[in-house]
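Naming: A, B, ... by sequence-line order, numbering from 1 per chain. Source: prediction; values computed, not measured. We use all heavy atoms of the structure for the numbers below, so side chains are in, but hydrogens, waters and symmetry mates are not.
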Protein chains: 2
Amino acid sequence: MPTIEDVARLAKVSTSTVSYALSGKRPISAATRRRIEQAVAELGYRPHAGARALASARSEVIGLIVPLRSGIDVPVIMQFAGGVVTRAREHAHNVLLLTQDDLVGLERATDGSMVDALVVMDVEADDARIPILTRSRQPSVLIGLPQNSSGLTCVDLDFEAAGRTAAAELAALGHREVALLGAPPEVFERHTSYADRVMRGFRDAAADHGLVAHLVPCPATPAGAYGVVDALLADSPGVSGLFVHNERALPHVLSRLREHGRTVPDDVAVIALCPEDVALAQQVPMTAIDLPAATLGGLAVDMVMARLAGEQTVETRLLAPVLTTRESTARR
Amino acid sequence: MPTIEDVARLAKVSTSTVSYALSGKRPISAATRRRIEQAVAELGYRPHAGARALASARSEVIGLIVPLRSGIDVPVIMQFAGGVVTRAREHAHNVLLLTQDDLVGLERATDGSMVDALVVMDVEADDARIPILTRSRQPSVLIGLPQNSSGLTCVDLDFEAAGRTAAAELAALGHREVALLGAPPEVFERHTSYADRVMRGFRDAAADHGLVAHLVPCPATPAGAYGVVDALLADSPGVSGLFVHNERALPHVLSRLREHGRTVPDDVAVIALCPEDVALAQQVPMTAIDLPAATLGGLAVDMVMARLAGEQTVETRLLAPVLTTRESTARR
DNA sequence: ATATCTATTCGAAGCGCTTCGACGCTCGCC
DNA sequence: GGCGAGCGTCGAAGCGCTTCGAATAGATAT
């Protein structure tokens, strides 16, 4: 592999000049720059990442902590990750993959200066990673909201507002008795906050609008979802509006409604909270609040890069929910 | 951050001794080692990854190239990735996330010595990344099989054998007319080889057993899957055995069969090719050939580490399919 | 007591890059 | 014609770690 010295020799300049020409940190005459670029191309030179990291104290890598466990909507995770990687690349950064439970790996990565910054997904209310993050000297941003977010930079969809929006929409459509089919039980047990926040927003807005609201966690399996639908229809036959915050259960819920002879949207109106492609891939195109996973991932990267650049950023940033009406809702 | 020199000073030894004590590359007396370990613990020392990479020409990072695009079973991708990350960690390596289409990023990572080795997922027949891989000095292993795999290290499920196994099983159960519902059309168009290999194996074995076999790609959406099922039942009413090689379409196929009044397994026997958890999560526990994604990912890491260690490994390794009988198949 | 080993430990030379201070040159100005 | 001011470039000092050859000390053999 050619080194910066080979480039310097070929371009007949010093190594520092090559370095400055490539980084742009000092002015270099056009002629010299051209010679250097030519030498770089000719040799196929690539700076050695380790050497650069050592000399500059910057690795140009950001760490991404992903959850690799059950109960989560895996496709959503991938959308987040895709957003993060894509945006990171636009900032000329690479992404190091770390896993939820690997606290040792996290410490190695931060203390060993492998990463310049961290993006943390699927944050729980009382997350074991947070102490490590605050202790490390790298900036980090969380996707999701922990119990106590003071001093932390967070970005997320405003799930509480999403819950409120859905309830308000169902009220506006003339429904009087509604239900939230929420995240799987294990997500609630883990106190991943978005599940609770949706529920709270939905409950409160339903109350404000004088709706009768049922709130039930919903497993992601067909059998589990069927059970929830069966129980709901049996116990609360008056329910005419559903808000489904569970991407994986959604198709099963819709199937089961059909099997019970309930049509969507005429017998039951359904609003989903899920990524747009999922909303469009159902039997009926869903009226839905978009879960903009890739956008959030990209935003997290933007925020963390801003902090790396020394900018003072807002602590927490919640994206307003956007409801798109499609064919799964109708006036009563 | 404390450096190796701080550790050496505190332990009253030279830096080289610290280095040898930590790496184990030369014998160090028990007493000295203990003092060093104590100093390390006391200071919270972590070696600087960049410095280590520079001095040793090893980054202890492996690159993982994942597809972030449509038509693929995202959960399967995550299982692969999880297997890779987990096993990499066991080998004390980190994982750098690279994306399918980012050829520049791939070159930066290899030529810049960011990674010691590469694992490539979802390989296409004629993959644009292969030339870069063969040119780079890092070993790589592909998960999947390209057109021409000579000189490459590959690992995959033996999809052709899986197709044969399924056909043979349906024949053994007494079915005379069968169908393969395969991967989504876009996967075939991309010539990702596993789709073709399953089809070939199924077709050949069906012929050997004197079965009438229909071979159809199957979209992953409900509407698409319904269409395929509807058409199949209409055009080939004699079909009594199905082999579904499409994780995402599977629940929709099963739903649609039920909606047509066909029971599983009595009217139609169904064998799936999917991860075990998916097979178990259907309405009926599926007789299925396991797609051991996490295992394959881990295996890929093992192979790449073996090559890093200088071992001569087999070029291509195909895992034999394992069929587990559950409740979706029955004798005719 | 001296010479010979072995078991440990040390010193120093890089790995390839960035960055700081300094230098030399050209230019415009008085 | 000489001065200061930039601009563009260079040289050298590290960044923190690994690794090679060599030195040291204690133990064993003579």
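- A donor-acceptor pair shorter than 3.5 Å cannot be found between the side chains of A:Ser140 and A:Arg129.
- When DNA chain C is scanned in the 5' to 3' direction for atoms under 4.0 Å from non-hydrogen atoms of chain A, the outermost contacting nucleotides are C:dG16 to C:dA22.
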Could you list the donor-acceptor pairs under 3.5 angstrom formed by side chains in residues 143-152 of chain A, with sequence neighbours left out?
{"unit_1": "A:Asn148", "atom_1": "OD1", "unit_2": "A:Ser150", "atom_2": "N", "d": "3.0"}
{"unit_1": "A:Asn148", "atom_1": "OD1", "unit_2": "A:Ser150", "atom_2": "OG", "d": "3.0"}

Test side-chain contact (heavy atoms from CB on, under 4.5 Å) applied to B:Val301 and B:Glu90, step by step: CA-CA 10 Å; B:Val301 172; B:Glu90 286 164 21; over 6 Å; no

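- When only modelled atom types and interatomic distance are considered, B:Arg137 and B:Ser113 share a side-chain donor-acceptor pair under 3.5 Å.
- Between B:Met303 and B:Cys154, the closest side-chain pair of non-hydrogen atoms is not below 4.5 Å.
- One end of the helix from C:dA1-D:dT30 to C:dC30-D:dG1 points its axis 50° away from the other end's axis, with each axis taken from 5 pairs and the angle rounded to 10°.
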Please table the atom pairs, donor to acceptor, closer than 3.5 Å between any side-chain atom in residues 4-13 of chain B and protein atoms at least two apart or in another chain.
{"unit_1": "B:Asp6", "atom_1": "OD1", "unit_2": "B:Arg9", "atom_2": "NH1", "d": "3.3"}
{"unit_1": "B:Asp6", "atom_1": "OD2", "unit_2": "B:Thr3", "atom_2": "N", "d": "2.8"}

May I have the step-by-step check of side-chain contact (heavy atoms from CB on, under 4.5 Å) for A:Leu142 and A:Asp156, ending in yes or no? CA-CA 8 Å; A:Leu142 316 186; A:Asp156 207 354; over 6 Å; no

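- B:Glu315 meets the salt bridge (charged side-chain N to carboxylate O under 4.0 Å, His left out) test with no other residue; sequence neighbours excluded.
- Residues forming a ring pair (Phe, Tyr, Trp, His ring centres under 6.0 Å) with A:Phe159 (at least two apart in sequence, or on another chain): A:Tyr194, A:His245.
- Near DNA chain D, meaning a heavy atom under 4.0 Å away, the residues from residues 16-25 of chain A are A:Ser16, A:Thr17, A:Tyr20.
- For DNA chain D, the residues of residues 32-62 of chain A within the heavy-atom distance limit of 4.0 Å (strictly under) are A:Thr32, A:Leu54, A:Ala55, sorted by number.
- Taking the nucleotide of DNA chain C with the nearest heavy atom to each of B:Ser14 and A:Glu5, the more 5' of the two is matched to B:Ser14.
- The base of D:dG6 does not come close enough to the side chain of A:Arg26 for any donor and acceptor atom to sit less than 3.5 Å apart.
- Listed by chain and number, the residues in a side-chain contact (heavy atoms from CB on, under 4.5 Å) with B:Pro275 are B:Val76, B:Gln79, B:Glu247, B:Asp277, B:Val278, B:Leu291 (sequence neighbours excluded).
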Mind listing the side-chain donor-acceptor pairs of residues 55-65 of chain A below 3.5 Å, one per line with the distance, residues two or more places apart or on another chain?
{"unit_1": "A:Ser56", "atom_1": "OG", "unit_2": "A:Arg52", "atom_2": "O", "d": "2.6"}
{"unit_1": "A:Ser56", "atom_1": "OG", "unit_2": "A:Arg58", "atom_2": "N", "d": "3.4"}
{"unit_1": "A:Ser56", "atom_1": "OG", "unit_2": "A:Arg58", "atom_2": "O", "d": "3.4"}
{"unit_1": "A:Ser59", "atom_1": "OG", "unit_2": "A:Val61", "atom_2": "N", "d": "3.3"}
{"unit_1": "A:Ser59", "atom_1": "OG", "unit_2": "A:Met114", "atom_2": "O", "d": "2.8"}
{"unit_1": "A:Ser59", "atom_1": "OG", "unit_2": "A:Asp116", "atom_2": "OD1", "d": "3.1"}

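- Listed by first and then second residue, the side-chain hydrogen bond (donor to acceptor under 3.5 Å, both in side chains) pairs involving residues 30-45 of chain A are A:Ser29-A:Thr32 (not counting sequence neighbours).
- Here A:His191 pairs with A:Ala125, A:Asp196 under the side-chain contact (heavy atoms from CB on, under 4.5 Å) rule; sequence neighbours left out.
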